[in-house]
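Reckoned from all heavy atoms, side chains included, excluding hydrogens, waters and symmetry mates. Start at 1 and go down the list; that is how both ligands and their atoms are numbered.
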Amino acid sequence: MAKIQMKNAVAELDGDEMTRVLWSVIKEKLLEPFVELKTEYYDLGLKARDDSDDAVTYEAAAAIKRLGVGVKCATITSNAARMQEYSLKHLTPSPNGIIRAELDGTVFRTPVLVSNIHGSVSCWKKPLVLGRHAYGDVYKNCELSVPGPGKAELVFTGADGTELRKTIMEMPGAGIIQGIHNTDKSIESFARSCFLYGLSEKLDVWFATKDTISKTYDGRFKEIFQRIYDTEFKERYKNAGITYFYTLIDDAVARVMRSEGGFLWACKNYDGDVMSDMVASACGSLAMMTSVLVSPDGVFEYEAAHGTVQRHYYRYLKGEKTSTNPVALIFAWTGALAKRAELDGTAELGAFARRLEQATLKTIEDGFMTGDLARIAEPPAKQVLDSWEFIEEIARRLEASYKTA
Ligand code: NAP
Ligand code: MG
């Protein structure tokens, strides 16, 4: 079979640890034998980010914007322990945080459902799609540890010099203070991305905040969502037979647990971070969660929802062939290639992406899977495979699908 050609490149962002190991296996076994891969490669491994003072992360974000499509491996967010482990010059901020801010995008996460993996929330019949605001709040915070008693204030100096000032707290002793922000523009983009995604996937949209407590901050989120819905989407939603529903975050959490799924849950940045991990693990495994960052001007970055799987990586370094699940990484690639195909009008590439997804699902449904899934599969797994064997099984089915076609 002649290799499938790509018209334009995708931005490829390599990462760290176990996911970096699997990244190259996926390329070698599942992509390169079939597709003449065209990528602009950026090494976002921790050492490379540190060596370049994070310039490589900004270059990668610019490439995603320029090319319109990116695919990203999981990356380490540095902390004190990592600084020692990798002899870093300094602590680098989260690369995902940087890219999300650069693209002003919203992250949508959807679990990959297979027939022999039953989630732990039995009432969820359809995928629950989570839309996570990807800008600001605690992810762009400014925090201070104060040594003793004193006055903590919030001060805003306007461009014209006008000052707004409020006392946060007369601190009775040592403690901690945090300042966070968001912008109307980013919240508007977030609302638009969510309403557009809901419309394109024909999903009801739910949104929730804590506006009873945070009347100004969370209250602004609520207002903006309502205004954008009323002025830009209400009619279109009515025609599509879908709805927008706002409630308090604690009420939303309670309702989600009793729901059937099958809607888009728009979450503020932190809620989305936490709740997407909960939804993913309830659906089987973090490794079965796909993730795409969508900017309001239509730029897409695909990645896995999980991290670099550090514990598996240390076992791999000792020589073990770990049973790390590559499904979310594979779906990051298929998502990116399918989007590239859609933008370029290259049907053969789009069909390849869908075939690879089908081959992946079929492998699991045939009873061949990694350990995380084998623990919860019903009927039980026929064979628990390491990552390399699992990828081989997928490659075999992918090849077979071209032979029978
Ligand atoms: P993690 O990579 O999400 O893994 C946490 C645990 O979840 C693993 O130890 C494993 O459980 C299970 N797991 C996750 N992905 C799996 C997979 N593909 N197959 C099988 N099991 C899987 O989180 P972490 O190990 O605590 O974090 C490692 C690094 O990832 C951190 O430095 C963090 O900064 C980074 N991180 C990056 C991203 C990103 O780039 N998008 C997101 C989150 C975290 P068992 O050990 O029980 O098997
Ligand atoms: Mg998280």
Side-chain angles (χ1 to χ4, degrees), residues 13-23 25-26 42-47 49-50 57 60-61 70-86 88 91-100 105 107-109 111-112 117 130 132 134 139 269-270 272-293 301-317 320-333 335 360 364 369-377 381 384-391 394:
L13 284 57
D14 210 343
D16 288 300
E17 298 194 312
M18 206 58 222
T19 44
R20 186 181 181 103
V21 174
L22 295 177
W23 194 257
V25 183
I26 290 167
Y42 295 86
D43 185 357
L44 263 64
L46 182 53
K47 197 77 185 109
R49 278 180 277 138
D50 190 60
T57 311
V71 58
K72 179 180 171 294
C73 184
T75 46
I76 292 169
T77 298
S78 60
N79 57 20
R82 299 298 201 165
M83 197 146 166
Q84 216 172 13
E85 184 183 356
Y86 285 81
L88 302 179
L91 285 180
T92 51
S94 152
N96 284 334
I98 292 175
I99 296 166
R100 284 170 195 153
V107 176
F108 295 98
R109 287 180 173 175
V112 178
I117 305 295
L130 233 126
R132 173 182 171 186
Y139 301 86
N269 211 346
Y270 176 84
D273 183 350
V274 175
M275 290 304 164
S276 63
D277 286 354
M278 186 196 73
V279 171
S281 80
C283 289
S285 163
L286 254 189
M288 298 294 280
M289 191 68 135
T290 65
S291 189
V292 56
L293 175 71
E301 184 218 60
Y302 295 82
E303 60 170 332
H306 60 77
T308 61
V309 212
Q310 183 179 10
R311 289 218 296 262
H312 292 211
Y313 182 60
Y314 291 160
R315 300 208 307 262
Y316 166 80
L317 289 180
E320 184 185 328
K321 287 216 151 181
T322 63
S323 186
T324 314
N325 186 339
V327 169
L329 291 171
I330 295 170
F331 273 69
W333 274 102
T360 304
I364 299 170
M369 59 192 85
T370 46
D372 57 320
L373 297 183
R375 279 197 291 275
I376 52 172
V384 184
L385 306 175
D386 66 44
S387 308
W388 290 261
E389 295 166 333
F390 180 62
I391 289 170
I394 297 171

Examine Glu17 against ligand 1 and note whether any of their N/O atoms are separated by less than 3.5 Å.
-> no
List every atom of ligand 1 that sits less than 4.0 Å from any heavy atom of Thr324, numbering the atoms from 1 in the order shown and giving each element.
-> 17 (C), 18 (N), 19 (N)
Atom pair CD/OG1 of Glu389 and Thr370 - distance to nearest 0.5 Å | 11.5 Å
Examine Asp372 against ligand 1 and note whether any of their N/O atoms are separated by less than 3.5 Å.
-> no
Using distance alone, decide if ligand 1 has a nitrogen or oxygen within less than 3.5 Å of any nitrogen or oxygen in Pro326.
-> no
Not counting sequence neighbours, which residues clear side-chain contact (heavy atoms from CB on, under 4.5 Å) with Ala287? List them please.
-> Ser285, His306, Asn325, Asp372
About how many Å separate CD1 of Ile99 and NZ of Lys72, when rounded to the nearest 0.5 Å?
-> 5.5 Å
Test log, rule salt bridge (charged side-chain N to carboxylate O under 4.0 Å, His left out), inputs Asp16 and Arg49 = CA-CA 11 Å; Asp16 288 300; Arg49 278 180 277 138; 2.9 Å; yes
Short N or O distance, Ser323 and ligand 1, threshold 3.5 Å exclusive = no
Can you list the ligand 1 atoms lying under 4.0 Å from a non-hydrogen atom of Leu286?
-> 3 (O)
Ile76 N/O to ligand 1 N/O under 3.5 Å | no
Closest to atom 16 (C) of ligand 1 (heavy atoms only, candidates Leu44, Val309, Ile99) is Val309
In ligand 1, which numbered atoms sit nearer than 4.0 Å to a non-hydrogen atom of Arg82?
-> 29 (C), 31 (C), 32 (O)
Logged contact type for Asn96 with ligand 1, heavy-atom cut-off 4.0 Å, is side chain
What distance do Thr92 atom OG1 and Lys47 atom NZ have between them, rounded to the nearest 0.5 Å?
-> 10.5 Å
Please identify which atoms of ligand 1 are closer than 4.0 Å to at least one heavy atom of Gly307.
-> 1 (P), 2 (O), 3 (O), 30 (O), 36 (N), 37 (C), 38 (C), 42 (C), 43 (C), 44 (C)
Numbered atoms of ligand 1 (with element) below 4.0 Å of Lys72, judged on heavy atoms = 40 (O)
Here the salt bridge (Lys or Arg N to Asp or Glu O under 4.0 Å) pairs for residues 284-293, sequence neighbours left out, are none
Give the numbers and elements of all ligand 1 atoms closer than 4.0 Å to a heavy atom of Ala74.
-> 40 (O)
Within a reach of under 6.0 Å around OH of Tyr314, are more than 12 heavy atoms found that belong to other residues, nucleotides or ligands?
-> yes
With atoms numbered from 1 as shown, which atoms in ligand 1 lie under 4.0 angstrom from a non-hydrogen atom of Arg311?
-> 9 (O), 45 (P), 46 (O), 47 (O)
Quick one: sort the Trp23 and Trp333 rings into parallel, tilted or perpendicular, breaks at 30° and 60°.
-> tilted
For ligand 1, note which part of Met18 has a heavy atom under 4.0 Å away: side chain, backbone, both or neither.
-> neither
Would you confirm whether Arg109, through its side chain, and Ser291, through its main-chain N or O, come within 3.5 Å as a donor-acceptor pair?
-> no
With atoms numbered from 1 as shown, which atoms in ligand 1 lie under 4.0 angstrom from a non-hydrogen atom of Thr77?
-> 32 (O), 34 (O)
Give, for atom CG of Leu46 and atom CD of Glu85, the distance between the pair rounded to the nearest 0.5 Å.
-> 8.5 Å
